[in-house]
A.B. asks: 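I have a structure I would like to understand better, so I am pasting it below and will then ask my questions one at a time.
Order of listing sets the numbers, starting from 1, for every ligand and every atom in it.
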Amino acid sequence: METETKRTLNEWSTHCHRIAKEKGFWDKERNVGEALMLIVTELAEAMEAHRKQDQPNFKEELADVFIRLFDLCGGLGIDIEKEIVLKSEHNKNRPYKHGKVC
Ligand SMILES: [Mg+2]
């Protein structure tokens, strides 16, 4: 279990995508919109677990969000570490509350 937590984000993408492929979820070309909505459903499941104050399930559903997101990044060949660095730098240089009033 120790090594499971030592992966980089891109290694998690490769790992989650490999498992999803092995389980047949990439046998046909993936519909990206559908994949994104499945990530949203995991967030909705997390919300429901939060409403029920079911902390173990809440944490599990958040893990599902990441697993589906990493799978999608892996499947699309996205270097998510690079993208996070770029967007984080962009956000760092944005104005307070990104220039919004509320
Ligand atoms: Mg789930």
Side-chain angles (χ1 to χ4, degrees):
M1 192 65 185
E2 175 82 15
T3 57
E4 293 285 319
T5 61
K6 297 294 184 188
R7 290 188 171 101
T8 66
L9 298 179
N10 283 339
E11 288 168 345
W12 274 111
S13 292
T14 300
H15 176 77
C16 293
H17 182 56
R18 181 178 51 76
I19 291 173
K21 276 176 57 180
E22 287 172 3
K23 301 298 178 186
F25 292 108
W26 288 81
D27 287 352
K28 296 186 301 186
E29 186 176 342
R30 289 300 301 264
N31 177 315
V32 174
E34 180 183 89
L36 290 170
M37 288 305 101
L38 288 172
I39 294 166
V40 172
T41 66
E42 299 298 350
L43 284 169
E45 290 171 2
M47 176 63 193
E48 190 62 17
H50 176 69
R51 288 181 65 230
K52 292 178 178 172
Q53 299 181 337
D54 183 346
Q55 188 69 0
N57 187 232
F58 176 69
K59 292 189 283 190
E60 184 179 300
E61 299 305 341
L62 290 180
D64 281 343
V65 171
F66 281 95
I67 288 166
R68 285 191 184 274
L69 195 49
F70 284 136
D71 171 34
L72 184 61
C73 290
L76 298 178
I78 293 171
D79 180 344
I80 197 59
E81 292 173 357
K82 183 182 94 181
E83 297 303 327
I84 290 170
V85 168
L86 289 172
K87 188 59 163 80
S88 181
E89 284 300 310
H90 174 73
N91 287 345
K92 200 167 70 179
N93 294 318
R94 294 174 83 179
Y96 184 76
K97 291 192 175 180
H98 299 174
K100 295 180 179 134
V101 176
C102 50

A.B. asks: Any side-chain donor-acceptor pair under 3.5 Å between N93 and E89?
C.D. replies: no

A.B. asks: H15 vs W12 aromatic rings, parallel, tilted or perpendicular, using cut-offs 30° and 60°?
C.D. replies: perpendicular

A.B. asks: Nearest 0.5 angstrom please: D71 CG to R30 CZ, how far?
C.D. replies: 6.0 Å

A.B. asks: Please name the atom of E45, restricted to N, O or S, that is closest to the Mg ion (ligand 1).
C.D. replies: OE1

A.B. asks: Kindly confirm whether the Mg ion (ligand 1) is within less than 2.8 Å of some N/O/S atom in E61?
C.D. replies: yes

A.B. asks: Please report the closest heavy-atom contact between L9 and I80, naming both atoms and the distance.
C.D. replies: CB-CG2, 4.0 Å

A.B. asks: Looking at the Mg ion (ligand 1), which N/O/S atom of E42 is the nearest one?
C.D. replies: OE1

A.B. asks: Of all N, O or S atoms in D64, which has the smallest distance to the Mg ion (ligand 1)?
C.D. replies: OD2

